[in-house]
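Residue numbering restarts at 1 for every chain, and letters A, B, ... go by the order of the sequence lines. The figures here come from the full heavy-atom set of this structure, side chains too, leaving out hydrogens, waters and symmetry mates.
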Protein chains: 2
Amino acid sequence: MESAATGPQAPARLRTTPSWLLTQTAAHASRLVAEGLGALDARGYHYRLLAALEESGPASQAELGRRCGIDRSDVVAVLNELAAKDLVRRSPDPADRRRNVVTLTDAGGRELRRMGETLDRVQDTLLAPLSTAERDQLTRLLTRLLDHHTGR
Amino acid sequence: MESAATGPQAPARLRTTPSWLLTQTAAHASRLVAEGLGALDARGYHYRLLAALEESGPASQAELGRRCGIDRSDVVAVLNELAAKDLVRRSPDPADRRRNVVTLTDAGGRELRRMGETLDRVQDTLLAPLSTAERDQLTRLLTRLLDHHTGR
DNA sequence: GACCAACGTTGGTTCGGCCAACATATCAGG
DNA sequence: CCTGATATGTTGGCCGAACCAACGTTGGTC
């Protein structure tokens, strides 16, 4: 819960380096997200997969991984955990026996919603010092960066 | 070197969530930094400590950690590596025998400079799609967020 | 002198991100 | 039809950054 503050004052070299600002703020963001989702016994990966399932419907594991930017191998582990809690159902795809079709269960939908609510609160504490306009600005800038480095 | 692209299109839920945008762009930033510094056989922690040393002069390990936002225990390990390359000298503080005084060597200064140059290039590829004004905007917004979550 | 705080150090943990390898299954070309 | 390339799920590992608990030593204070 501690702020892990950068004590006195970080070196100017760092404070003016965008990559450092990014990774530092991201670290704070991650901590807040972990705290929030941790209360629901979940992590970022769980939310991402559930969100993708709700938004685009059932999909294979590989497809899910591609959509969320999560490695195939990590998808396996997270789906195991989600399936163990019945938030997700994994069934062999009759049309392509290599694939598993992953489906969001009702409980999964409910859990996703709960996660979404806590994440909304997290965004608010994360962006607390910024006005609405500034939040939009930040979002736009980051989106452009991300799109660029993602191959559009 | 791969872009690890978020395949087709990440769920809108994610793409509009600032904490996700932050952690994703930060991941790209970290990758670029790791690539750049990796060529010099260094990591982010090494640069941070060297930069702090150059900027504020010799200091104890605890002090360095506080300045850089690096945990005491991690400082130990990184200083071991830096000292092994003679980029840093670690000597007991005669005034306080609990402390080690860490000093930047000439070689350390040179290496820091080299790191700084490659990091400058990294910033440029990281921020490629943004104009100078936009880069400043981003820097200001992130700085405000960081200051806020750092206890000012 | 007794206590508590700070320091350096060791040895963990977590989370996100990645890679290599393998068996199985699909698909396209010869 | 068969053969080879490709996709999928899965296992088991690795790394960097961030953290935490504990211990022995040293410093300052009451």
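If you check every strand for non-hydrogen atoms under 4.0 Å, B:Arg72 touches a base. As judged by a 4.0 angstrom heavy-atom cut-off over every strand, A:Ser60 is placed among residues touching the sugar-phosphate backbone only.
A:Gln24 places its CD atom 10 Å from the C1' atom of D:dA18, with the value rounded to the nearest Å. At whole-Å resolution of the value, NE2 in A:His28 and C1' in D:dA18 are 11 Å apart. Taking atom CG of B:Leu22 as the reference point, atom C1' of C:dC15 lies 17 Å away to the nearest angstrom. Between the CZ atom of B:Arg66 and the C1' atom of C:dA6 there is a distance of 8 Å, rounded to whole Å.
Remark: B:Arg31 is not in phosphate contact with D:dA17, judged by side-chain N or O atoms under 4.0 Å from OP1 or OP2. Contact between the side-chain N/O atoms of A:Arg97 and the OP1/OP2 oxygens of C:dT24 is not found at any separation under 4.0 Å. When the side-chain nitrogen and oxygen atoms of B:Arg90 are compared with OP1 and OP2 of C:dC7, none of them lie within a distance under 4.0 Å.
Evaluation of atom-type donor-acceptor distances gives a pair under 3.5 Å for the side chain of B:Ser73 against the base of C:dG11. The base of D:dC19 lies close enough to the side chain of B:Asp74 for a donor and an acceptor atom to sit less than 3.5 Å apart. No hydrogens or angles were tested; on distance alone, nothing pairs the side chain of B:Arg98 with the base of C:dG8 as donor and acceptor under 3.5 Å.
In this structure, of D:dA7, D:dG9, C:dG17, it is C:dG17 that holds the atom nearest to the side chain of B:Ala27. The side chain of A:Asp71 has C:dC19 as its nearest neighbour among C:dC19, D:dT8, C:dG8. With C:dA6, D:dG12, D:dG9 as the candidates, the nucleotide lying closest to the side chain of A:Asn100 is D:dG9. Of the candidates C:dT9, D:dC20, C:dG16, the closest approach to any side-chain atom of A:Tyr45 belongs to C:dG16.
Toward the 5′ end of DNA chain C lies the nearest nucleotide of B:Gln61, the other residue of the pair B:Gln61 and A:Arg43 mapping further downstream. Nucleotides of DNA chain D nearest to A:Ala62 and B:Ile70 differ in position, and the one nearer the 5' end is that of A:Ala62. Along DNA chain C, the nucleotide closest to A:Ala34 and the one closest to A:Pro94 are compared, and the more 5′ of them pairs with A:Ala34.
B:Glu63 has a carboxylate O that lies under 4.0 Å from a charged side-chain N of B:Arg67, or vice versa, which qualifies the two as a salt bridge.
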Pair B:Leu126-A:His149, side-chain contact (heavy atoms from CB on, under 4.5 Å): steps then yes or no:
CA-CA 8 Å; B:Leu126 174 63; A:His149 290 285; 4.0 Å; yes
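Within a 6.0 Å sphere centred on CZ of A:Arg15, heavy atoms belonging to other residues, nucleotides or ligands number more than 12.
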